[in-house]
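In what follows, a single structure is set out as structure tokens and then discussed.
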Protein chains: 2
Amino acid sequence: MILDAALAQASESGFESLTIGTLAARTGLSKSGLFAHFGSREELQIAAIDRAANLFAETVFAPALQARRGLPRVRAIFEHWLQWTDDSGLAYGCPLHAAAIEFDDKPGPIREHLVAHFDRLQRNLERALTLAIEEGQLPVGTDAAQLAFEALGIVFAYYHSTRLLRRADAATRARTAFDRLLSAAGTAA
Amino acid sequence: MILDAALAQASESGFESLTIGTLAARTGLSKSGLFAHFGSREELQIAAIDRAANLFAETVFAPALQARRGLPRVRAIFEHWLQWTDDSGLAYGCPLHAAAIEFDDKPGPIREHLVAHFDRLQRNLERALTLAIEEGQLPVGTDAAQLAFEALGIVFAYYHSTRLLRRADAATRARTAFDRLLSAAGTAA
DNA sequence: TTACTTTACGAACGGTCGTGCTATTTGTCA
DNA sequence: TGACAAATAGCACGACCGTTCGTAAAGTAA
């Protein structure tokens, strides 16, 4: 319950706003009562990030395993990725993305947990793409890591367009970009 | 001088860390002496964002005007974009990108200034791409707004890869992605 | 019921936050 | 030189920060 509230707070206003006081008020606990569960603010933030990362894996990758391996699964991952914050009740944006920018120059365990999450994300995406190559749906020699890099960029542009600019066509633009990415890869040398 | 220090602070640790106290310490002024220049913390943050936006325009778009209109100019914009934080002495990341994520769900003048900056960025990019279409270097009917959306994504993925993940090949991946984007657009129906 | 652990609370600490006052210094122009 | 404006400093305020400590309630096992 505490971590759910922590993720909601981080989604709304970033990890900087994830303080003992605000979270105590949000959960109805006292500051010291809440504090005792974690021992430090940093431990609280780490727990929240790990929970977000697990939620991401359950919401994006796990259901995509039911799609056929290869491009159908790759597309399922992408589609769940676009919608995962809504599906998870994080109505105000991806807390992991926000944290990645807040902590990208602050060494410490929080940063390391974030790096681990995004490394895992990259690896899982590459694996799904590699299966598409093995299935013959993408040319042999396709650079799966490059495709994963570009897919990440499309999702970030989608976040930016929908959250900051409030563009209604953000999802359409993202899907168009992803289709072009896959079809360009499909027709490469 | 104050605003230079403010941008350096925002680049290092985000706009949340741009407080009166830290900026006073960084500049050598007293808190109240610094405060008098702006009247409120929000005015300080707005001034810093406007300065960053001007710096961005001067560093990315202004020099690209010396490249020939069309694709050479588009490529010049992209190349300066990748390097603009280094060129501007903001060694720890783009403060406008960080601010966009911190404030994307906080209505107010700060958010509006950020939206104005990214709208301007999008328009300028579209204009350069439209010139490339007029020059016959991209097919008639090319969706310049879509290309600008995807270019933004590539830059965001580059930021992520170089700053959080510390990947040495981030710039190479970004250039590969941009080349593929332009060539795919060039061979479209 | 008794002993013990878990969980939560209230109060307090030193510190920083933004902001408002009142001086005091600095610069400018007559 | 003197008057006046701009810039800066010093100090205090209420609020919130993370954290610690002592204590009371709740749950658990004997």
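Each chain gets a letter, A, B and so on, in the order the sequences are listed, and its residues count up from 1. Source: prediction; values computed, not measured.
- A side-chain N or O of A:His113 and one of A:Asp50 form a donor-acceptor pair less than 3.5 Å apart.
- For DNA chain D, the residues of residues 34-49 of chain A within the heavy-atom distance limit of 4.0 Å (strictly under) are A:Phe35, A:Ser40, A:Arg41, sorted by number.
- For the pair A:His97 and A:Tyr159, the tightest heavy-atom approach, listed with the atom from each and the gap, is ND1-CD1, 3.4 Å.
- Remark: the A:Lys31 side chain and the C:dG10 base include no donor-acceptor N/O pair separated by less than 3.5 Å.
- Ion pairing of B:Arg166 with A:Asp104 is absent here, as no side-chain N (NZ or NE/NH1/NH2) approaches a carboxylate O to less than 4.0 Å.
- Remark: A:Phe118 CZ is packed, more than 12 non-hydrogen atoms of other residues, nucleotides or ligands lying under 6.0 Å away.
- Of all heavy-atom pairs spanning B:Ala48 and B:Leu3, the tightest one is N-CD2, 4.0 Å.
- When atom types are taken as modelled, the side chain of A:Arg173 and the backbone of A:Ala157 share no donor-acceptor pair closer than 3.5 angstrom.
- Considering only side-chain atoms of A:Ser32, the nucleotide from D:dA9, C:dA11, D:dC17 that sits closest is C:dA11.
- Legend: side chain to side chain donor-acceptor pair (under 3.5 Å) pairs involving residues 60-77 of chain A, not counting sequence neighbours, sorted by first then second residue: A:Arg75-A:Asp179.
- Checking C:dC9, D:dC17, D:dT8 against every side-chain atom of A:Ser30, the shortest atom distance belongs to C:dC9.
- Shown for residues 16-26 of chain B: no residue has heavy atoms falling under 4.0 angstrom of DNA chain D.
- B:Ile101 and B:Leu96 fall into different hydrophobic clusters, where Ile, Leu, Val, Met, Phe, Trp and Tyr are joined by side-chain heavy atoms under 4.5 Å apart, directly or via other members.
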